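For reference, the structure is listed below as structure tokens.
What you see is a predicted model, and the numbers here were worked out from it, not measured in a lab.
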Amino acid sequence: GEVSLENENYPQAVEDLSICLEKQQAALPEDSRNIAVTFYQLGIALGFNMKYEEAIEKLEMAIGVLKKRIDNLINKTESVDESKKDDAFYTREKEIKEIESLIPEIKEKITDTIEMKEESMRKIAEVKESMGFGSGSSSSTSGASSSTAKPISSIS
């Protein structure tokens, strides 16, 4: 999935990351940061694949997993993170701080995705307008006035 994402093959990335997510959710605890990372990457891939609503949903799910992890860390009920188990400097407080710094970054990505959607909608509207599929009254009045206008024989 990550390779497809890097190669800008977004439909393949979405498919691969979706399969990965299913397997992770079946095998890993619900507060696993790996699941949050996959939700995040899936959200990014969906956004670039112009599936903005699904992208936002997956990014919000990544935040949900991270918040669950924070709650479990605070209550000392978190699952074991294999990548941290041999880290002599690891503390719950350090991980909470780290996760808390990630959440605003994901929220910013949600904002970026919303802006991508708006920009895409603007471009679609511009193309429709330029092809004569614009909004009702403006295209019909321009059509009426152009039929009475004299043709231009030369631009110079």
Side-chain angles (χ1 to χ4, degrees), residues 1-75 78-79 81 83-84 93-149 151-152 155:
E2 289 178 49
V3 172
S4 295
L5 193 56
E6 287 176 21
N7 290 326
E8 298 179 10
N9 184 354
Y10 304 121
Q12 187 64 52
V14 169
E15 183 180 334
D16 294 346
L17 290 166
S18 295
I19 292 168
C20 177
L21 183 61
E22 284 177 32
K23 292 181 180 192
Q24 286 179 327
Q25 288 177 312
L28 298 173
E30 64 181 5
D31 71 340
S32 170
R33 289 177 68 174
N34 289 327
I35 292 173
V37 168
T38 304
F39 271 127
Y40 176 81
Q41 290 174 327
L42 184 54
I44 299 302
L46 285 162
F48 283 125
N49 203 28
M50 295 176 30
K51 300 201 185 290
Y52 304 111
E53 298 305 319
E54 290 178 61
I56 292 166
E57 178 185 316
K58 298 305 180 198
L59 292 168
E60 288 172 345
M61 291 173 94
I63 292 172
V65 171
L66 293 175
K67 285 182 175 180
K68 175 79 172 162
R69 178 86 182 160
I70 290 171
D71 289 345
N72 288 351
L73 285 162
I74 290 168
N75 297 321
E78 78 277 6
S79 62
D81 185 343
S83 68
K84 307 273 188 208
E93 293 74 23
K94 186 177 168 186
E95 185 174 358
I96 290 170
K97 230 179 184 170
E98 183 182 328
I99 294 171
E100 285 175 340
S101 73
L102 294 174
I103 291 174
E105 291 177 27
I106 299 171
K107 287 181 178 178
E108 188 175 319
K109 191 53 78 174
I110 290 170
T111 302
D112 292 347
T113 303
I114 292 167
E115 289 171 1
M116 280 173 46
K117 178 183 179 183
E118 290 169 355
E119 180 64 22
S120 178
M121 298 303 277
R122 261 193 305 278
K123 286 182 180 179
I124 289 170
E126 286 173 15
V127 169
K128 283 182 176 181
E129 187 70 32
S130 70
M131 295 176 73
F133 296 110
S135 57
S137 61
S138 64
S139 63
S140 63
T141 41
S142 65
S145 62
S146 66
S147 64
T148 58
I152 299 174
I155 296 178

Q: With sequence neighbours excluded, tell me which residues meet side-chain hydrogen bond (donor to acceptor under 3.5 Å, both in side chains) with Glu119.
A: Arg122
Q) Can you name the nearest heavy-atom pair linking Ala55 to Gly43, along with the distance? A) CB-O, 3.2 Å
Q. Among all residues two or more places apart in sequence or in another chain, which pass the side-chain hydrogen bond (donor to acceptor under 3.5 Å, both in side chains) test with Ser83?
A. Asp81
Q. Considering residues at least two apart in sequence or located in another chain, which fulfil the side-chain hydrogen bond (donor to acceptor under 3.5 Å, both in side chains) criterion with Lys109?
A. none
Q) Does any pair with a residue in residues 93-127 pass ring-ring contact (aromatic ring centres under 6.0 Å, His included), and if so which ones, sequence neighbours excluded? A) none
**Q.** Selection residues 25-42 - residue pairs positive for salt bridge (charged side-chain N to carboxylate O under 4.0 Å, His left out), sequence neighbours left out
**A.** Glu30-Lys68, Asp31-Arg69, Arg33-Glu95, Arg33-Glu98
Q: If a pair satisfies ring-ring contact (aromatic ring centres under 6.0 Å, His included) and one of its residues is in residues 48-67, list it, with sequence neighbours excluded.
A: Tyr10-Phe48
**Q.** Over all atoms of both residues, closest heavy-atom pair of Ala62 and Ile106
**A.** CB-CD1, 4.4 Å
For residues 11-29, which side-chain N or O atoms pair as donor and acceptor with protein atoms under 3.5 Å away, sequence neighbours left out?
unit_1 : atom_1 : unit_2 : atom_2 : d
Gln12  : NE2    : Asp16  : OD1    : 2.7
Gln12  : NE2    : Asp16  : OD2    : 3.4
Ser18  : OG     : Val14  : O      : 2.7
Gln24  : OE1    : Thr38  : OG1    : 2.6
Gln24  : NE2    : Thr38  : OG1    : 3.2

Q) Got a sec, which pairs hit salt bridge (charged side-chain N to carboxylate O under 4.0 Å, His left out) with one end in residues 49-60, sequence neighbours left out? A) Glu53-Lys117
**Q.** Interatomic spacing from CD in Glu93 to CD1 in Ile74 - rounded to 0.5 Å
**A.** 10.0 Å
**Q.** Any side-chain heavy-atom pair of Leu73 and Ile99 under 4.5 Å
**A.** yes
Q: Any chance you could measure Lys128, atom NZ, to Lys123, atom NZ, to the nearest 0.5 Å?
A: 16.0 Å
Q: For Val65, enumerate each residue passing the side chain to side chain contact (heavy atoms under 4.5 Å, CB included) test, keeping only those at least two apart in sequence or located in another chain.
A: Ile35, Ala36, Phe39
Q) In chain order, what residues pass the side chain to side chain contact (heavy atoms under 4.5 Å, CB included) check against Glu100, with sequence neighbours excluded? A) Ile70, Ile96
**Q.** Side-chain (Ser4) to main-chain (Gly1) donor-acceptor, under 3.5 angstrom
**A.** no
Q) Counting only N and O atoms by type, is there a donor-acceptor contact under 3.5 Å from the side chain of Asn49 to the main-chain atoms of Ala45? A) no
Q.
Rounded at 0.5 Å granularity, tell me how far CE in Met116 sits from CD1 in Ile114.
A. 11.5 Å
Q.
Once side chain to side chain contact (heavy atoms under 4.5 Å, CB included) is applied, do any residues pair with Lys107, and if so which ones, sequence neighbours excluded?
A. Ile63, Ile103
